[in-house]
S.K.: 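This is the structure I have questions about; it appears just below.
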Amino acid sequence: MKTLYGEISEDIFAQAKKIKLFICDIDGVFSDGRIYLGNDGEELKAFHTKDGYGMKALVASGVATAVITGRTSNIVANRMKALNVSDIVQGQEDKLPALKKLLTSKNLTPEQVAYIGDDMPDLVCMEYVGLGIAVNDAHPQVLNNADYISFTRGGFGAVREVCDLLMQAQGTLAKATGASI
């Protein structure tokens, strides 16, 4: 199956049609994984505007979005609120209980969920959901267990790529972004 980013299997495309909730890790997925610390302890992260546009378009297309991250940061809360992310879960080193709680609150099955991660704390969530996604620069063990590996690196448009894939599979890409394939 041809996507904007490259060829993918029909099975992945079929699974993407079923997704009602897209959950993202932050560090290494929404950001490039680096954390900048100032002399006074100020923490800075860089977020790519492509990822932000993708999330807004995905929300507008009717797919719910969430983030689950092990760290806690006002930067993350502010950025995700600006992107209309409905559920922002921070300070969750053990991410699976938070994921299960989200599914219960939204009355969804694991098959209706996609999760994108980059490192070992994400692996259990990726294996639990219907579409487990790794950014292409993820830890090797995460890559080996992913259903789908992005063509794009974490922090440089991987989230946008998955948003586009989900919208393409669900027939909403052209309406949400103006893009067509």
Side-chain angles (χ1 to χ4, degrees), residues 5 12 15-16 19-37 43-59 63-103 105-106 108 110 112-166:
Y5 299 85
I12 296 300
Q15 184 58 39
I19 301 304
K20 304 285 184 216
L21 173 63
F22 179 39
I23 304 174
C24 303
D25 177 36
I26 295 293
D27 295 322
V29 173
F30 250 105
S31 76
D32 64 8
R34 294 182 289 176
I35 299 168
Y36 300 91
L37 297 174
E43 183 176 304
L44 302 173
K45 297 177 190 272
F47 297 104
H48 206 293
T49 58
K50 288 179 185 176
D51 293 330
Y53 184 85
M55 288 293 274
K56 282 185 168 185
L58 188 64
V59 168
V63 175
T65 57
V67 297
I68 302 174
T69 181
R71 297 175 53 86
T72 301
S73 165
N74 287 333
I75 296 167
V76 170
N78 293 335
R79 180 64 179 149
M80 295 305 117
K81 285 178 189 171
L83 299 180
N84 302 320
V85 173
S86 59
D87 295 278
I88 304 163
V89 182
Q90 298 195 70
Q92 256 342 111
E93 289 187 26
D94 182 5
K95 297 178 180 186
L96 189 57
L99 186 149
K100 288 179 176 180
K101 185 175 178 182
L102 279 173
L103 269 62
S105 72
K106 296 183 178 304
L108 296 172
Q112 296 173 300
V113 179
Y115 183 100
I116 186 170
D118 72 309
D119 215 334
M120 299 310 294
D122 302 308
L123 192 53
V124 67
C125 291
M126 291 170 54
E127 292 174 337
Y128 185 79
V129 300
L131 186 57
I133 304 161
V135 296
N136 79 1
D137 56 340
H139 185 277
Q141 191 166 348
V142 173
L143 292 170
N144 289 335
N145 288 283
D147 298 316
Y148 176 77
I149 299 170
S150 69
F151 293 89
T152 314
R153 290 185 301 142
F156 292 93
V159 170
R160 170 65 180 274
E161 175 185 333
V162 175
C163 291
D164 286 348
L165 168 62
L166 296 175

S.K.: I'd like to know if the side chain of Asn145 reaches the main chain of Gln141, judged simply by a donor and an acceptor atom lying under 3.5 Å from each other, with no hydrogens or angles considered.
M.R.: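 Checked: pair present.
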
S.K.: Are Val113 and Lys20 close enough, and set up right, to give a side chain to side chain contact (heavy atoms under 4.5 Å, CB included), and what steps lead you there?
M.R.: CA-CA 6 Å; Val113 179; Lys20 304 285 184 216; over 6 Å; no

S.K.: Taking atom OG of Ser31 and atom CG of Asp118, what is their separation to the nearest 0.5 Å?
M.R.: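 Ser31 OG to Asp118 CG: 8.0 Å, rounded to 0.5 Å.
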
S.K.: Measure the spacing between CD of Gln15 and CG of Leu166 and express it to the nearest 0.5 Å.
M.R.: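 It is 10.0 Å, given to the nearest 0.5 Å.
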
S.K.: Once rounded to the nearest 0.5 Å, what's the spacing between atom CE of Met55 and atom CZ of Phe22?
M.R.: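 Rounded to the nearest 0.5 Å, the CE-CZ separation comes to 6.0 Å.
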
S.K.: Which pairs of donor and acceptor atoms, one on a side chain in residues 148-158, lie under 3.5 Å apart (sequence neighbours left out)?
M.R.:
from: Tyr148; atom 1: OH; to: Glu161; atom 2: OE2; distance (Å): 2.5
from: Ser150; atom 1: OG; to: Asn136; atom 2: N; distance (Å): 3.1
from: Ser150; atom 1: OG; to: Thr152; atom 2: O; distance (Å): 2.5
from: Thr152; atom 1: OG1; to: Glu161; atom 2: OE1; distance (Å): 2.7

S.K.: Would you tabulate the side-chain donor-acceptor contacts of residues 125-134 under 3.5 Å, counting partners in other chains and residues two or more places apart, or write 'none'?
M.R.:
none

S.K.: Tell me the closest heavy-atom pair linking Ala77 and Ile88, and the distance in Å.
M.R.: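 In terms of heavy atoms, the two residues are closest at O-CD1, 4.0 Å.
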
S.K.: Is the NZ atom of Lys56 crowded by more than 12 outside heavy atoms at less than 6.0 Å?
M.R.: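 Open.
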
S.K.: Using the side-chain contact (heavy atoms from CB on, under 4.5 Å) definition, which of the options Val124, Asp147, Leu99 pairs with Tyr115?
M.R.: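 Result: among Val124, Asp147, Leu99, Leu99 is the only option passing the side-chain contact (heavy atoms from CB on, under 4.5 Å) with Tyr115.
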
S.K.: Does Leu102 form a side chain to side chain contact (heavy atoms under 4.5 Å, CB included) with Ile68? I'd like the steps, not just the answer.
M.R.: CA-CA 10 Å; Leu102 279 173; Ile68 302 174; 4.1 Å; yes

S.K.: Applying salt bridge (charged side-chain N to carboxylate O under 4.0 Å, His left out) as the test, list every pair that has at least one member in residues 88-101; sequence neighbours left out.
M.R.: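 Every pair satisfying salt bridge (charged side-chain N to carboxylate O under 4.0 Å, His left out) with a residue in residues 88-101: Asp25-Lys95, Lys95-Asp122.
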
S.K.: Start with the C-alpha distance between Ile26 and Phe47, add both sets of side-chain angles, then the distance that settles side chain to side chain contact (heavy atoms under 4.5 Å, CB included), and finish with yes or no.
M.R.: CA-CA 9 Å; Ile26 295 293; Phe47 297 104; 4.3 Å; yes

S.K.: So, do Leu83 and Tyr53 sit near enough that their side-chain heavy atoms are less than 4.5 Å apart?
M.R.: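 Side-chain contact under 4.5 Å: no.
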
S.K.: What pairs with Asp119 under side-chain hydrogen bond (donor to acceptor under 3.5 Å, both in side chains), at least two apart in sequence or on another chain?
M.R.: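 None.
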
S.K.: Should Asp27 and Arg34 be marked as a salt bridge (charged side-chain N to carboxylate O under 4.0 Å, His left out) after you check the CA-CA gap, both sets of side-chain angles, and the distance that decides it?
M.R.: CA-CA 7 Å; Asp27 295 322; Arg34 294 182 289 176; over 6 Å; no

S.K.: For residues 65-84, pull every pair meeting side-chain hydrogen bond (donor to acceptor under 3.5 Å, both in side chains), keeping only residues two or more places apart or in separate chains.
M.R.: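 Non-adjacent pairs meeting side-chain hydrogen bond (donor to acceptor under 3.5 Å, both in side chains): Glu43-Arg71.
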
S.K.: Enter the distance from Ile19:CD1 to Gln112:CD here, rounded to the nearest 0.5 Å.
M.R.: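 Going from the CD1 atom of Ile19 to the CD atom of Gln112 covers 8.0 Å.
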
S.K.: For a quick test of reading the model, state the closest non-hydrogen atom pair linking Ala64 to Ser86 and the distance between them.
M.R.: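 Scanning both residues completely, I find the closest heavy atoms to be CB-OG, 4.5 Å.
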
S.K.: Under 4.5 Å between any side-chain heavy atoms of Lys45 and Asp32, yes or no?
M.R.: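 No, too far: nothing below the 4.5 Å cut-off.
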
S.K.: The criterion is side-chain hydrogen bond (donor to acceptor under 3.5 Å, both in side chains); which residues satisfy it with Gln90, sequence neighbours excluded?
M.R.: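 With neighbours one apart ignored, the set is empty.
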
S.K.: Check whether any side-chain heavy atom of Ile23 sits under 4.5 Å from a side-chain heavy atom of Ile116, and report yes or no.
M.R.: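 No - every pair of side-chain heavy atoms lies 4.5 Å or more apart.
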
S.K.: Ala16 and Leu165: which non-hydrogen atoms are nearest, and at how many Å?
M.R.: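 Taking Ala16 first and Leu165 second, the nearest heavy atoms are CB-CG, 4.4 Å.
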
